[in-house]
Number of protein chains: 2
Amino acid sequence: MSIGPKQALFAEFAKVARALGHAHRLELLEFLAQGERSVEALSQRIGLSVANASQHLQQLRRAGLVGSRRDGKFVLYRLQDEAVVGLLTTLRIVAERNIAEVDRIVRGYFADRDCMEPVSREELLRRTRAGAVTVLDVRPPDEYALGHLPGAINIPLRQLEARLAELDPDQEIVAYCRGPYCVLSFEAVATLRGHGFKIRRLEEGLPEWRAAGLPVE
Amino acid sequence: MSIGPKQALFAEFAKVARALGHAHRLELLEFLAQGERSVEALSQRIGLSVANASQHLQQLRRAGLVGSRRDGKFVLYRLQDEAVVGLLTTLRIVAERNIAEVDRIVRGYFADRDCMEPVSREELLRRTRAGAVTVLDVRPPDEYALGHLPGAINIPLRQLEARLAELDPDQEIVAYCRGPYCVLSFEAVATLRGHGFKIRRLEEGLPEWRAAGLPVE
DNA sequence: ATATCATTCAAGCGAATAATTGATTATAGT
DNA sequence: ACTATAATCAATTATTCGCTTGAATGATAT
């Protein structure tokens, strides 16, 4: 049976989908969405051997999802295209709506730590224009350095309890991190609520903010 | 190493992505996007054994991408969610932008048959309001019956040459079919151009039209 | 009841995938 | 040139995937 051009195209699309078909690769993409990274940095963050991370990254590259360049003795990987963030977002939305297990995990872990509605991008924009809101980036400093929301202050989650003095207890805080299911901002909300702060989570993370064409510092 | 909730969620998202990771399943989804279908009808269209099609469909169902209901002795499958069309669209867009092979296939086959710009949904809406355009659905009659663009006439591709008399040679024609890479509308354009008709292709197919919230008859 | 048809299940086989290990290539610094 | 470091390649093993075959359900019609 000779296959037509449609089948050939679908086979290519399927390769891209398969590249998204592993939890480690999705996690690699989440980190790469923060900014470009060396293989070793990625492998450490995710807890993979360097060789394993390298092979996963090459699969992502073959699928056109990431690109790489050499800088000295490092090879830096990056997302190939802002549209990849959109693909991950729609994948997440479809899974949220139709997979019961996703709902179960979200209820079991995330809902506990943030019973309040998250803040949307639009709402945050309105509030920052009005002035009375502190934007808090709880990611590690290196990710903050690669780009962050305008005016955001950076206190990594681990240091949060020790640096409470830097936060104004009377002003509302909006915390964000890597993405919708990055645990950092959830933990930050739980921690700061425990200390009496008025804090909510931004619905999504920096990559989605950037992909929406909003300004990044 | 205990995995956190993020890893558990990514593992679920990866299952959805893997379900998209096979050309046959993408093709099944394209047909299901036209309307609900029995296992046998799908297996025939795609050229799979019934058992094989059934297993692919069950994988899609486990991934939350399709649903099914029994109607007499048939089991009818359908897309679970309009968002699935959006997921397929973003997958296609990412692949188009970043996979050289996709570009090669498109140039090799599709570009030949339609050297003109396709018509966007917005443009078609404007023209139909102005009145002077024939909308032509070249899908098989059963798919037309399950839903089609307002005012569209149905002439399946196979019958096109025999039914030229039904088309007004002075009015511009816009042809559409199942989706962006369905060959039907490309062939229709090539055929009708050969007979001197003014014809262009709609950029996308019926599923994307419906997913955009536009009216369907 | 029994026959028939659509679909699903279960078993089996070959191919592809994931992770580990150790060797190899490429670059920077001495 | 030599060494150290980052990344990739190559080989291995365990697992999963895709398809076929034949049997088993589930519903309808006679």
Problem set entry | Audit row: B:Arg45, B:Glu143, salt bridge (charged side-chain N to carboxylate O under 4.0 Å, His left out) steps and yes/no | CA-CA 12 Å; B:Arg45 278 280 160 76; B:Glu143 294 180 23; 2.6 Å; yes

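Nearest to the side-chain atoms of A:Gln58 among the listed nucleotides D:dC9, C:dT20, D:dC19 stands D:dC9. Of the candidate nucleotides D:dC19, C:dT8, C:dA18, C:dT8 has the atom lying nearest to any side-chain atom of B:Arg61.
Using a 4.0 Å cut-off between charged nitrogen and carboxylate oxygen, A:Glu27 and B:Lys6 count as a salt-bridge pair.
Put simply, B:Ser54 has no side-chain N or O that comes within less than 4.0 Å of OP1 or OP2 on C:dT7. Close to D:dT20, at under 4.0 Å from its OP1 or OP2, lies a side-chain N or O of B:Asn52. In terms of phosphate contacts, A:Gln55 brings no side-chain nitrogen or oxygen within less than 4.0 Å of OP1 or OP2 of C:dT17. Contact annotation: B:His56 side-chain N/O to D:dC17 OP1/OP2 distance is not under 4.0 Å. Within the 4.0 Å cut-off from OP1 or OP2 of D:dA6, not a single side-chain nitrogen or oxygen of A:Tyr77 is found.
Using bins of under 30°, 30° to 60° and over 60° for the plane-to-plane angle, the ring pair B:Phe110/B:Tyr181 lands in the tilted bin.
Mapping B:Ser49 and A:Ala41 onto DNA chain D by nearest heavy atom places A:Ala41 closer to the 5' end of the strand.
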Exercise. How does protein reach along nucleotides 1-6 of chain C, written 5' to 3' as B (base within reach of a heavy atom under 4.0 Å), S (only sugar-phosphate), or - (no contact)?
Worked result: ----SS

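Looking at residues 13-23 of chain B, you'll see B:Arg18, B:His22 sit with a heavy atom under 4.0 Å from some atom of DNA chain D.
Within the structure, side-chain hydrogen bond (donor to acceptor under 3.5 Å, both in side chains) pairs that include any residue of residues 145-159 of chain A comprise A:Gln159-A:Arg163 (at least two apart or interchain).
Side-chain atoms of B:Gln34 come within 3.5 Å of backbone atoms of B:Glu30 as a donor-acceptor pair (strictly under, hydrogens ignored).
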